[in-house]
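Structure record follows, encoded as structure tokens.
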Number of protein chains: 4
Amino acid sequence: MARPRSEDKRNAILEAATKVFAEQGTSAPTARIARMAGVAEGTLFTYFESKDVLLNELYLTLKSGLREQMLEGYPHRASARERARHAWNGYVDWGVAHPEGRKVMAQLTVSERITEDSKTVGSAPFGGVQEMLREAMAKGVLREMAPAFVGALLSAMAEATISFIEREPKRAEPYRAAGFEAFWNAISKS
Amino acid sequence: MARPRSEDKRNAILEAATKVFAEQGTSAPTARIARMAGVAEGTLFTYFESKDVLLNELYLTLKSGLREQMLEGYPHRASARERARHAWNGYVDWGVAHPEGRKVMAQLTVSERITEDSKTVGSAPFGGVQEMLREAMAKGVLREMAPAFVGALLSAMAEATISFIEREPKRAEPYRAAGFEAFWNAISKS
Amino acid sequence: MARPRSEDKRNAILEAATKVFAEQGTSAPTARIARMAGVAEGTLFTYFESKDVLLNELYLTLKSGLREQMLEGYPHRASARERARHAWNGYVDWGVAHPEGRKVMAQLTVSERITEDSKTVGSAPFGGVQEMLREAMAKGVLREMAPAFVGALLSAMAEATISFIEREPKRAEPYRAAGFEAFWNAISKS
Amino acid sequence: MARPRSEDKRNAILEAATKVFAEQGTSAPTARIARMAGVAEGTLFTYFESKDVLLNELYLTLKSGLREQMLEGYPHRASARERARHAWNGYVDWGVAHPEGRKVMAQLTVSERITEDSKTVGSAPFGGVQEMLREAMAKGVLREMAPAFVGALLSAMAEATISFIEREPKRAEPYRAAGFEAFWNAISKS
DNA sequence: TATGAATGAGTATTCATTCAT
DNA sequence: GATGAATGAATACTCATTCAT
């Protein structure tokens with residue numbers, strides 16, 4: 001009967017946190033996040049029990065946003081190469097479109113405040129990507145390795161690519177394309 | 001302020017900082033570092049003007065240690081592939097041998113407290129690596145890209161490889177070897 | 001604001017407050033009291049304007065409960081000694097039966113948040129006790145003192161007795177009896 | 001070689017705490033205590049790890065001061081009655097001389113923040129008091145009870161006496177004397 | 001130079017109370 | 001009236017840095 005909790009407010013806090021953390025690191029005060037989100041200091045804690053909880057939920061939210069973009073329009077029936085390209089482009093495009101989210105995700109990934117649980121959930125295989133990786137690597141030099149390793153290479157190489165695009169936005173397309181070729185060669189050639 | 005007396009103390013602080021930051025993140029108190037280094041709280045500040053200075057010098061020290069290992073015994077006259085393998089192995093071996101240093105370097109790399117200057121110095125081309133990269137990429141899919149991009153791929157892929165070795169130390173050699181093949185295919189194949 | 005609807009709810013809050021304050025002290029949050037009483041946080045404030053009001057009303061309620069038990073079946077026509085014993089037993093029995101109430105009353109008695117008014121009302125003479133004290137002390141060493149002083153001794157000695165009974169419940173009766181003899185000697189002997 | 005910790009400062013904090021807690025209860029802010037003690041907010045925590053530690057140490061300090069006064073000039077060879085009178089007077093005089101300390105001690109005695117350990121140490125028998133109580137009660141109505149119970153009666157009755165002296169300081173002596181007679185009768189008469 | 005006590009700005013979190021539903 | 005989300009002042013404690021010894 002009382003005022004219901006607002007999903008909007010929760011999202012506003014998450015977005016504000018992304019901005020603030022991107023600017024000042026995860027040691028930025030919760031008060032600043034609250035102000036930027038347009039809520040009172042105390043309100044932040046009705047949506048997130050503690051700063052650590054906020055950090056973990058933000059991490060999962062960012063990971064989830066990235067996945068969504070990788071899966072959006074995923075061509076399940078195309079060749080492994082085309083599916084790989086789709087996933088690659090999704091990753092790179094997400095990173096380019098969300099520089100703050102990417103920065104924060106990078107910080108959270110190496111933070112001691114993200115629990116093992118969050119990391120596990122955040123890195124779990126998803127959609128058809130796992131399967132695509134398996135197909136792609138089947139005859140390549142990595143054929144003996146775990147798909148997760150190939151997935152890690154995808155992330156690592158995409159990150160490197162994004163950071164170069166950020167420095168030279170005008171060459172975004174060449175970087176994205178060349179990065180993909182490098183990735184594809186890395187995992188599929190023998 | 002003149003050069004501080006004891007180079008030993010300076011190193012002790014740097015080592016202590018590595019351990020403490022690896023355990024608790026870079027927000028760990030300087031007092032704890034001082035204690036672990038066996039010096040008084042105030043003494044830390046005669047060796048490093050401020051915590052930020054310590055952070056930056058630690059970053060450069062770590063980067064420098066990594067380079068040393070990549071260059072140690074570098075086969076300047078061998079084939080590009082062999083030189084690449086040497087650099088790759090140097091990176092991976094350093095990471096495996098210095099898990100704390102690697103963890104801290106990862107944190108510092110994404111920290112707002114590391115200055116642009118430090119990042120530039122820390123990522124500058126060195127030894128014969130730049131040249132090796134140029135040769136290796138000459139005919140590959142990355143031929144149009146900057147060598148720095150290829151260097152970034154080396155780091156990124158080596159990091160991914162190290163983190164998998166950390167999870168499965170017994171398969172260190174397969175990971176290191178397969179990782180290198182993937183890297184080599186990524187940059188040299190067309 | 002008119003009289004709140006439910007006397008039951010008011011009592012539930014008072015009881016919950018007793019439990020919670022006994023466990024955590026009077027600095028326990030009102031939210032916890034509300035939860036234990038089975039009402040919403042805000043509802044508590046329709047029954048008690050503020051936490052201070054709650055504290056004061058609880059104090060008076062507890063005092064009142066104690067009095068009731070001291071007066072229940074009070075033998076107005078018996079000897080002073082018997083009347084004194086009745087009052088004494090009433091006090092001790094109440095304390096033993098209501099350990100939480102006793103604990104909270106002790107805290108409130110020394111709290112700055114209980115007003116002078118409440119203290120006055122809570123310590124006012126009542127029933128035939130005042131008169132009994134007067135008779136009992138008439139020939140004793142305290143004959144020159146105020147009855148209130150004797151009343152204070154009764155409370156003090158009964159409290160001490162109760163706390164020993166709490167530690168050794170099996171010797172409740174000896175403690176209660178010996179305590180009364182000590183009290184009676186204290187006030188009646190010359 | 002650095003500035004040594006100052007016993008004076010520690011005492012200043014303890015005294016300030018006594019004043020502030022007497023005025024506002026133990027929920028008074030540590031910042032106010034620090035200010036009143038003339039030290040920085042943080043300094044309080046170099047002398048007392050936490051507010052709870054301060055509370056416990058203050059409790060023990062107050063108890064210890066009370067004991068000192070009870071034992072000062074204690075007539076070990078006098079009659080039990082004279083020794084009892086000395087202890088009684090010591091208690092009452094301490095209470096009258098330290099109204100703030102007494103008030104705070106009363107609050108701490110019923111506080112959940114005082115550990116069992118502190119309570120045990122603070123109530124341990126001391127000097128020749130225990131022995132005196134034993135002698136005095138040997139033939140009285142309490143002969144079967146523990147000396148600790150008699151000690152508790154002494155405290156309880158002395159407290160009641162002090163509080164009446166506080167209301168009527170001019171009748172301090174009569175109250176003190178009559179209170180003692182009452183106490184003596186309570187424990188020694190059969 | 002080395003030490004560690006002193007400083008006080010900074011911060012996560014709590015909580016009585018208000019008020020939209 | 002009942003609910004519980006919203007508020008923001010209040011507060012214990014931390015910590016980089018300074019400075020007396």
Side-chain angles (χ1 to χ4, degrees), chain A residues 1-6 9-10 27-35 37-55, chain B residues 1-6 9 27-35 38-55, chain C residues 1-6 9 27-35 38-55, chain D residues 1-6 9-10 27-35 37-55:
Chain A
M1 210 183 284
R3 211 176 321 185
R5 262 189 225 189
S6 143
K9 231 163 240 178
R10 196 188 130 95
S27 62
T30 52
R32 180 178 279 268
I33 294 169
R35 186 162 3 114
V39 302
E41 284 185 46
T43 300
L44 187 149
F45 292 93
T46 74
Y47 288 87
F48 303 93
E49 277 182 70
S50 69
K51 192 178 181 181
D52 273 6
V53 168
L54 169 60
L55 252 15
Chain B
M1 195 186 317
R3 244 317 176 45
R5 270 259 178 80
S6 152
K9 240 167 227 178
S27 61
T30 53
R32 181 177 277 267
I33 296 169
R35 185 162 4 115
V39 303
E41 287 183 46
T43 301
L44 187 151
F45 292 91
T46 72
Y47 289 86
F48 303 93
E49 276 180 72
S50 70
K51 192 179 183 181
D52 274 6
V53 167
L54 168 61
L55 251 15
Chain C
M1 197 184 316
R3 246 314 174 52
R5 273 257 177 80
S6 153
K9 241 168 224 177
S27 61
T30 53
R32 180 177 278 268
I33 295 169
R35 185 164 3 117
V39 302
E41 288 182 45
T43 300
L44 186 150
F45 292 92
T46 73
Y47 288 87
F48 303 94
E49 275 180 72
S50 70
K51 191 179 183 181
D52 274 4
V53 168
L54 168 60
L55 252 14
Chain D
M1 210 184 286
R3 212 176 321 186
R5 262 189 226 189
S6 144
K9 230 162 241 177
R10 197 188 130 93
S27 62
T30 53
R32 180 178 278 269
I33 295 170
R35 187 165 358 117
V39 302
E41 284 185 46
T43 300
L44 186 150
F45 292 94
T46 74
Y47 287 87
F48 303 93
E49 277 181 70
S50 68
K51 193 178 181 181
D52 273 6
V53 168
L54 169 60
L55 251 15

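Residue numbering restarts at 1 for every chain, and letters A, B, ... go by the order of the sequence lines.
- One can place CG of B:Asp52 at 13 Å from C1' of F:dT17, the figure rounded to the nearest angstrom.
- Side-chain proximity of B:Phe45 to the nucleotides E:dA16, F:dT18, E:dT3 is greatest for F:dT18.
- Rounded to whole angstrom, the span from the NZ atom of A:Lys51 across to the C1' atom of E:dT14 amounts to 17 Å.
- Heavy atoms of other residues, nucleotides or ligands lying less than 6.0 angstrom from CZ of C:Arg32 number 12 at most.
- For the pair C:Tyr47 OH and F:dG1 C1', the computed distance is 8 Å after rounding to whole Å.
- D:Leu44 CG to D:Arg10 CZ: the interatomic distance, rounded to the nearest 0.5 Å, is 11.0 Å.
- One interatomic measurement links the two molecules: CG of A:Leu55 to C1' of E:dA12, which rounds to 13 Å at whole-angstrom precision.
- In this structure, B:Lys9 does not reach the E:dT1 phosphate: none of its side-chain N or O atoms is under 4.0 Å from OP1 or OP2.
- Residue contacts shown for D:Phe48 are absent, as no nucleic acid heavy atom lies under 4.0 Å away.
- Note that CZ of C:Arg35 is 11.0 Å distant from CD1 of C:Ile33, once rounded to the nearest 0.5 Å.
- Side-chain nitrogen and oxygen atoms of A:Thr46 include at least one within less than 4.0 Å of the OP1 or OP2 phosphate oxygen of F:dA6.
- Between D:Leu44 and C:Ser27, the residue whose closest nucleotide on DNA chain E is further toward the 5' end is D:Leu44.
- Using a 4.0 Å heavy-atom cutoff across all strands shown, A:Ser6 reaches no nucleic acid atom at all.
- Checking A:Gly42 against A:Pro4, the closest nucleotide of DNA chain F that is more toward the 5' end is the one next to A:Pro4.
- C:Ala28 comes within 4.0 angstrom of the backbone, heavy atoms only, and of no base.
- Residue-to-nucleotide proximity on DNA chain F shows that, of D:Glu41 and A:Gly38, the 5′-proximal contact is made by A:Gly38.
- Within the 3.5 Å criterion, the main-chain N or O of A:Arg5 finds no donor-acceptor partner in the side chain of A:Tyr47.
- With distances taken from any side-chain atom of D:Ala2 to the nucleotides E:dT3, E:dC19, E:dA16, the minimum falls on E:dT3.
- The pairing partner recorded for E:dT21 is F:dA2, the criterion being a Watson-Crick or G-U wobble arrangement whose two distances lie under 3.5 angstrom.
- Proximity note for A:Arg3 (side chain, C-beta onward) versus E:dA20, F:dA2, E:dA5: the nearest is E:dA20.
- Base pairing of F:dT7: its partner is E:dA16, meeting the Watson-Crick or G-U wobble criterion (both donor-acceptor distances under 3.5 Å).
- To the nearest 0.5 angstrom, B:Phe48 atom CZ is 12.0 Å from B:Thr30 atom OG1.
- Counting to the nearest Å, the C1' atom of E:dA12 and the CG atom of A:Leu54 are 12 Å from each other.
- Put simply, D:Thr43 has a side-chain N or O that comes within less than 4.0 Å of OP1 or OP2 on E:dT7.
- Across the protein-nucleic acid pair, C:Arg32 atom CZ and E:dA16 atom C1' stand 16 Å apart, rounded to whole Å.
- Residue C:Thr46 holds its OG1 atom at 8.0 Å from NZ of C:Lys9, rounded to the nearest 0.5 Å.
- Distance A:Arg5 CZ to F:dG4 C1': 9 Å, rounded to the nearest Å.
- When distances are taken from the side chain of D:Thr30 to each of F:dA12, F:dA5, F:dT7, the shortest belongs to F:dA12.
- Between the C1' atom of F:dT17 and the CD1 atom of B:Ile33 lies a distance of 14 Å, rounded to the nearest Å.
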